[in-house]
There are 2 protein chains.
Amino acid sequence: MPPELIAVLIAVSDDRPMVLTLEGGRLLPSGPLEAGHRSLQTGLRLWVEHQTGHALGHVEQLYTFADAPVDGGPDERRVMISYLALTRTRRGERGWRGWYDYFPWEDQTAPEGRALVQRIARLLDDWAGRAPSAAGQEARRQRVALTFGLDGLGWDDELVLQRYELLWEAALVPESAPPGAPVLPGLSMARDERRVLATAMARLRAKIRYRPVIYELMPDSFTLLHLQRTVEAVAGQPMHKQNFRRLVAQQDLIEETGEVAPDTRGRPARLFRFRREVIGARRIAGSKLPLARPI
Amino acid sequence: MPPELIAVLIAVSDDRPMVLTLEGGRLLPSGPLEAGHRSLQTGLRLWVEHQTGHALGHVEQLYTFADAPVDGGPDERRVMISYLALTRTRRGERGWRGWYDYFPWEDQTAPEGRALVQRIARLLDDWAGRAPSAAGQEARRQRVALTFGLDGLGWDDELVLQRYELLWEAALVPESAPPGAPVLPGLSMARDERRVLATAMARLRAKIRYRPVIYELMPDSFTLLHLQRTVEAVAGQPMHKQNFRRLVAQQDLIEETGEVAPDTRGRPARLFRFRREVIGARRIAGSKLPLARPI
DNA sequence: TAGATTATGCTCAACATGAGCATAAAGGTC
DNA sequence: GACCTTTATGCTCATGTTGAGCATAATCTA
């Protein structure tokens, strides 16, 4: 069985991060590596274009997963090589789902997300209490506090995968819960694919801090508030408006188009565009966004 | 053909970063994923222990590579899932090689390394001049300057892979040079494995900036200068001594053992140990080392 | 006793970051 | 038209971080 190539296609539409899915949201685009594929990435591009009609822009490899072996099962294992791809949504395309539909607790800009974390904290505290030893309980509590930013530790938006794995272990998601047991809100996916999505979210949240990838998700021209809302949507965290502008300005990665946004409510906002020419012409770092890492 | 698991084992010995190799330095430990392996990582551990007798400590996945397909060749492709493993050398173990034997230009703490970069700069300028169009020449020059930190741009120690790939394209390494053509100093490896090593070096250099992985490479107790030399060896860059100590101190990741180093030359240095208990007990970030990213 | 060598404490300027005050420019309401 | 709401934009201030270097301490060797 050849390794499978699997893609997490991300776009942001109406300030909501979206992921491209198949089969009613249960699957991600994927297909086996074939002999004719020039490279892993070209194989991935071919499969995604074939299955969704969507061409890929910025693509990067995420992680390679293997299924657990099955006793008495086939000798061969399913190996998945996963990729993150950034793009823009196009009108009328089907299959896009909000990524917070799968991970509602990851949206800390919304009051519902924050309330859900409070509820999760209580459930996980119960789970910690069910550890066999006192030391085990303490270790679990510490891990919960760290992963969900409790006890004043501060929410770390990059711990998407760690949070999902913790909820999996605590049997609070359908993938691991016993049949009929109560589970948290949030869509699940087939096989291990929700884990792949979590990996992609974590990687993207980490990456926007030090590479200008956010502009892969923006239209040609945009206002600073639109840019901020996009970053906030991806990071799942609100930001300080004036400081956001200050940092974006000093990066010198965007320039004014000279026009102002048409449909605005308050004072009209100037439109900006990304200076494509700085890619490559510039030190690769230098796009740090005002997303403070928590203490 | 099942995917292959391949390991880059790193240790630091006498302030030199070392990599564990087989076959006279031409190969890295590796073996195919088998049906009995519980996971990719356990498969890797089994292969490495079988081939080298060395048990693995901290392990993380690096990247998955695929061979280019061969026209008329077999239908199946070699897929390599690579891992970075950190450990300590043990007396009398064979097969350890200095990683700067493979990448002499990556050691910017040594005058030879800096001189080599000067020479490479000239060779790559020639190569840039051989681009077909004027725009192509300019693009090549810009890429060379950025990758090797010329024109006052500053050396970025994390661009190990980009530098190797540039030298590969310019046919300055044996892997790509025509037979008999002059090539740069530095050992090469079989197949694509020097690229895997470059990927590991880049990842480790990036990682020591924000995770306390450097302590995986240290003995139980060490002086601050020893720690600094280890970081410098890995990063290939010298550091400011007082500032290094200030940062390490404020991380609060190490504590005094109460003893002083026995074999010292000047004023005796206090010995420190890593506070293992902070792993997990602490925000996962917070080990930033005084390795400034260049401008 | 005078270097040589390494350890260690401390200061200073420049810059980055988090928070918030103040003002500007639009539309809508009375 | 006066006034409110809304968003945009400029600016300040305290605090923290970083890069550089001065100064002193504690050991050994010539």
Side-chain angles (χ1 to χ4, degrees), chain A residues 15 152 154-157 208-210 221-232 235 237-272 283 285-295, chain B residues 15 152 154-157 208-210 221-232 235 237-272 283 285-295:
Chain A
D15 300 337
W155 179 261
D156 184 340
D157 61 295
I208 56 171
R209 289 171 200 276
Y210 61 97
S221 76
F222 48 84
T223 68
L224 291 180
L225 184 58
H226 184 186
L227 182 64
Q228 180 179 347
R229 293 273 177 261
T230 306
V231 173
E232 287 175 332
Q237 292 210 103
M239 272 175 276
H240 185 285
K241 186 165 174 168
Q242 294 94 317
N243 292 347
F244 180 86
R245 310 171 128 261
R246 177 175 59 188
L247 235 61
V248 169
Q250 81 190 28
Q251 314 266 131
D252 206 31
L253 292 170
I254 61 177
E255 62 192 0
E256 289 188 44
T257 66
E259 292 162 47
V260 296
D263 57 334
T264 154
R265 298 223 304 169
R267 170 174 170 176
R270 298 181 226 171
L271 284 171
F272 291 82
R283 177 107 257 130
S287 97
K288 197 171 31 161
L289 282 170
L291 280 165
R293 308 187 133 284
I295 318 144
Chain B
D15 300 337
W155 178 263
D156 184 340
D157 62 294
I208 57 173
R209 289 172 200 276
Y210 61 97
S221 76
F222 48 84
T223 68
L224 292 180
L225 184 58
H226 183 188
L227 182 63
Q228 181 180 345
R229 293 275 177 259
T230 305
V231 172
E232 288 174 332
Q237 293 209 104
M239 277 178 266
H240 186 284
K241 186 165 173 168
Q242 295 94 317
N243 292 347
F244 180 85
R245 309 170 129 264
R246 176 176 61 188
L247 235 63
V248 169
Q250 82 190 27
Q251 313 268 132
D252 207 32
L253 292 170
I254 62 177
E255 62 192 359
E256 291 188 45
T257 67
E259 291 161 49
V260 295
D263 57 334
T264 153
R265 297 219 308 166
R267 169 172 172 177
R270 297 181 226 170
L271 285 171
F272 291 82
R283 178 109 257 130
S287 96
K288 195 171 33 162
L289 281 170
L291 281 166
R293 306 188 137 283
I295 322 143

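These numbers come from the heavy atoms of this one structure, side chains and all, not from hydrogens, waters or symmetry mates.
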For this session: Determine, stepwise, if the pair B:Gln228 / B:Met239 fulfils side chain to side chain contact (heavy atoms under 4.5 Å, CB included).
Result: CA-CA 8 Å; B:Gln228 181 180 345; B:Met239 277 178 266; 4.0 Å; yes

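- Atom CG in B:Leu227 sits about 12 Å away from atom P in C:dA7, given to the nearest Å.
- Per the geometry, CE belonging to A:Met239 stands 11 Å off P belonging to C:dG18, to the nearest Å.
- When the C1' atom of D:dG19 is taken as reference, atom CD of B:Gln250 falls 13 Å away, rounded to whole Å.
- If B:Lys241 and B:Arg246 are placed on DNA chain C by their nearest nucleotide, the residue sitting closer to the 5' end is B:Lys241.
- Residue B:Arg270 has a polar side-chain atom (N or O) positioned under 4.0 Å from OP1 or OP2 of C:dT8.
- Between the CG atom in A:Asp157 and the CZ atom in A:Arg209 there is a gap of 4.5 Å [rounded to 0.5 Å].
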For this session: Sugar-phosphate means primed atoms, P, OP1 and OP2; the rest is base. With that split, encode nucleotides 21-30 of chain D 5' to 3' as B, S or - using protein heavy atoms under 4.0 Å.
Result: BB--BBBS--

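- Counting to the nearest Å, the C1' atom of C:dA24 and the CZ atom of A:Arg245 are 12 Å from each other.
- No side-chain donor-acceptor contact under 3.5 Å links A:Glu256 to the backbone of A:Arg270.
- Side-chain N/O atoms of A:Arg229 include none lying less than 4.0 angstrom from OP1 or OP2 on D:dT7.
- We find the NZ-CG distance between B:Lys241 and B:Leu224 to be 9.5 Å, quoted to the nearest 0.5 Å.
- For A:Gln228 and D:dA8, the CD to C1' distance is 12 Å, given to the nearest whole Å.
- To the nearest 0.5 angstrom, B:Phe222 atom CZ is 5.0 Å from B:Ile254 atom CD1.
- Atom P of nucleotide D:dG19 and atom CZ of B:Phe244 are separated by 13 Å, given to the nearest angstrom.
- Considering only heavy atoms from C-beta on, A:Glu255 stays 4.5 Å or farther from A:Phe272 through its side chain.
- With rounding to the nearest 0.5 angstrom, the CD atom of B:Gln250 is 14.0 Å from the CZ atom of B:Arg245.
- We find that CD of A:Gln237 is positioned 11 Å from P of C:dG18, with the value rounded to whole Å.
- Look at CZ on B:Arg209: it is 14 Å from C1' on D:dT18, rounded to the nearest Å.
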